[in-house]
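Reckoned from all heavy atoms, side chains included, excluding hydrogens, waters and symmetry mates.
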Number of protein chains: 2
Amino acid sequence: MNASSASVSSVNPIQQLENQLCFPLYAASRMLTKAYQPLLQEFDLTYPQYLVLLLLWEHQERTVKELGEHLLLDSGTLTPLLKRMEQRQLISRRRDPRDERSVIIGLLPAGEALRQPTCRIPEQLFEKMGFPLTEFEALRDQLNNLLTRLR
Amino acid sequence: MNASSASVSSVNPIQQLENQLCFPLYAASRMLTKAYQPLLQEFDLTYPQYLVLLLLWEHQERTVKELGEHLLLDSGTLTPLLKRMEQRQLISRRRDPRDERSVIIGLLPAGEALRQPTCRIPEQLFEKMGFPLTEFEALRDQLNNLLTRLR
DNA sequence: TAAAATTTAATTGTACACAATTAAATTTTA
DNA sequence: TAAAATTTAATTGTGTACAATTAAATTTTA
């Protein structure tokens with residue numbers, strides 16, 4: 001390797017994309033979200049909107065703060081996203097009468113109605129990828145592990 | 001579990017965030033990019049801009065197409081990003097005289113100058129996370145594996 | 001309890017990210 | 001070789017992300 005080469009500089013291996021953790025994470029996240037897209041667009045949902053619905057299907061009411069804690073998103077992201085979902089009558093937004101600082105997001109019938117027709121999406125995607133189940137689970141667990149470190 | 005409960009609906013486990021692959025990927029990616037941020041902002045770089053520089057430090061010239069192939073980004077993302085880097089004189093943009101469809105991105109002195117001062121960033125981050133090296137490598141390899149499946 | 005500190009969303013501004021379309025250049029094909 | 005198809009970036013429009021600030025409500029503290 002010649003450091004004075006015109007086209008190739010001497011390369012610090014850790015500065016190469018493949019050796020980094022962040023780049024494969026960044027790229028895989030976008031690719032997987034993109035793989036979700038054709039399945040979600042049938043319901044006119046973006047991936048983050050779908051995540052909000054997943055949480056509301058577990059508990060029909062969540063404050064913006066609670067949604068943000070689960071999704072690791074702040075109000076700067078959630079407020080406009082939730083307003084779009086409110087316009088489509090998927091969810092309701094109202095102040096908590098017991099604490100006017102909080103906004104309670106509620107699941108509306110149109111949001112509930114998406115639950116059954118979307119319930120096979122994760123399996124469909126998993127099958128389409130052909131990723132072995134053991135690898136899937138190992139990767140998921142390691143990512144959750146990393147996530148707790150980063151949080 | 002009572003499906004008619006007012007606050008909790010019966011939950012398909014695969015519809016829970018923790019059981020999915022995509023959510024931990026999505027969240028970990030954002031968290032790790034956010035962890036890069038304080039180290040990069042010293043150089044007034046965003047993470048995607050840093051990735052472009054990593055590629056140009058390997059090869060001083062790359063077409064937009066090549067950058068997009070490596071980063072899995074299209075011109076809709078790259079064109080404005082590269083224009084911002086051009087304004088700061090980090091890179092140059094010019095049409096390839098041999099194929100006027102292509103735009104060649106070249107590394108300018110100001111972009112080259114960021115190489116040494118940023119070279120410790122990946123190690124710094126790795127140390128700050130305290131992630132065991134074996135786990136780091138296992139996760140990286142599994143992500144690269146997933147990435148080839150998604151590509 | 002009144003002032004200070006904290007919490008919660010909303011707002012503002014910047015920067016991706018990507019689908020879809022456009023336009024120019026090049027390559028392929030009939 | 002001229003028309004058709006393809007390739008390459010740029011553009012347009014929508015939707016996240018997120019830092020920083022603001023404003024209102026609540027809690028803590030002196």
Item to check | Plane angle bin for Tyr36(A) and Tyr50(A) - parallel if under 30°, tilted between 30 and 60°, otherwise perpendicular | outcome: tilted
Checklist entry - So, Glu69(A) and Arg62(A), do they make that salt bridge, N to O below 4.0 Å? => result no
Item to check | Integer-rounded Å distance: dC18(D) P and Leu32(B) CG | outcome: 12 Å
Next on the checklist: Could you go through Leu139(B) and Leu139(A), starting from their C-alpha distance and side-chain angles, then the distance that decides it, and tell me whether this counts as side chain to side chain contact (heavy atoms under 4.5 Å, CB included)?
Outcome noted: CA-CA 7 Å; Leu139(B) 182 50; Leu139(A) 182 51; 3.5 Å; yes
Next on the checklist: Can you see if the side chain of Gln37(A) gets near the phosphate of dA17(C) - specifically, an N or O under 4.0 Å from OP1 or OP2?
Outcome noted: no
Checklist entry - Using a cut-off of less than 4.0 Å, is there contact between a side-chain N or O of Tyr47(B) and OP1 or OP2 of dA17(D)? => result no
Checklist entry - Quick one: does Ile105(A)'s side chain get under 4.5 Å of Leu78(A)'s, heavy atoms only? => result no
Checklist entry - In terms of side-chain heavy atoms of Val103(A), which of dA10(C), dA17(C), dA19(D) is nearest? => result dA10(C)
Checklist entry - Would you call Lys83(B) and Arg93(B) a side-chain contact if the rule is heavy atoms closer than 4.5 Å? => result yes
Next on the checklist: Measuring from the side chain of Arg84(B) (C-beta onward, heavy atoms only), which nucleotide among dT16(D), dA9(D), dA15(C) has the closest atom?
Outcome noted: dA15(C)
Checklist outcome for this item: Atom CG of Leu40(B) and atom P of dA19(D) are separated, to the nearest Å, by 13 Å
Checklist entry - Below 4.0 angstrom from OP1 or OP2 of dA19(C), is there any side-chain N or O of Gln41(A)? => result no
Next on the checklist: The side chain of Asp99(B) is closest to which nucleotide in this list: dC16(C), dA10(C), dT26(C)?
Outcome noted: dT26(C)
Checklist entry - Do Arg140(B)'s NZ or CZ and the ring of Phe136(B) fall within the cation-pi criteria of under 6.0 Å and 45°? => result no
Item to check | Tyr26(A) OH - dA17(D) C1' separation (whole Å) | outcome: 12 Å
Item to check | Side-chain N or O of Thr77(B) closer than 4.0 Å to phosphate OP1/OP2 of dA17(C) | outcome: no
Checklist entry - Base, sugar-phosphate alone, or nothing: which one does Leu73(A) contact when heavy atoms must sit under 4.0 Å apart? => result sugar-phosphate
Checklist entry - Which value, rounded to the nearest 0.5 Å, describes the distance between Gln60(B) atom CD and Leu108(B) atom CG? => result 10.0 Å
Checklist outcome for this item: When Ser102(A) and Asp96(B) are each assigned the nearest nucleotide of DNA chain C, the 5'-most assignment goes to Ser102(A)
Checklist entry - Just how far, in rounded Å, is P of dA9(D) from CD1 of Ile105(B)? => result 8 Å
Checklist entry - CG of Leu78(B) versus P of dA17(C): gap in Å, rounded? => result 9 Å
Next on the checklist: Is it the case that dA10(C) (base atoms only) and Ser75(A) (side chain only) share a donor and an acceptor within less than 3.5 Å, ignoring hydrogens and angles?
Outcome noted: yes
Item to check | Residue Lys65(A), side-chain atoms from C-beta onward, closest of dA10(D), dT8(C), dA17(C) | outcome: dT8(C)
Checklist outcome for this item: note: Arg98(B), atom CZ; dT8(D), atom C1'; distance rounded to Å ~ 16 Å
Checklist entry - Around Gln89(A), counting heavy atoms of other residues, nucleotides and ligands shown, do more than 12 lie under 6.0 Å from its CD? => result no
Item to check | Glu100(A), nearest nucleotide to its side chain (from dA25(D), dA10(C), dA17(D)) | outcome: dA25(D)
Checklist entry - Roughly how many Å is it from CZ in Arg95(B) to P in dA24(C), rounded to a whole number? => result 11 Å
Checklist outcome for this item: The reported gap from CZ in Phe23(B) to CG in Leu143(A) (rounded to nearest 0.5 angstrom) is 11.0 Å
Next on the checklist: Side-chain N or O of Arg30(A) versus OP1/OP2 of dC18(C): is the shortest distance under 4.0 Å?
Outcome noted: yes
Item to check | Watson-Crick and G-U pairing of DNA chain C written in dot-bracket, each distance under 3.5 angstrom, with | for inter-strand partners | outcome: ||||||||||||||||||||||||||||||
Next on the checklist: Over all strands shown, is Thr63(A) touching base, sugar-phosphate only, or nothing at heavy-atom distances under 4.0 angstrom?
Outcome noted: sugar-phosphate
Checklist entry - What nucleotide, of dA24(C), dA17(C), dA25(D), holds the atom closest to the side chain of Arg101(A)? => result dA25(D)
Item to check | Lys83(B) side-chain N/O to dA15(C) phosphate OP1/OP2 under 4.0 Å | outcome: no
Checklist entry - What is the distance from CG of Leu39(B) to P of dA19(D), rounded to the nearest Å? => result 14 Å
Item to check | Closest-nucleotide ordering on DNA chain C, the 5'-leading residue of Arg93(A) and Thr46(B) | outcome: Arg93(A)
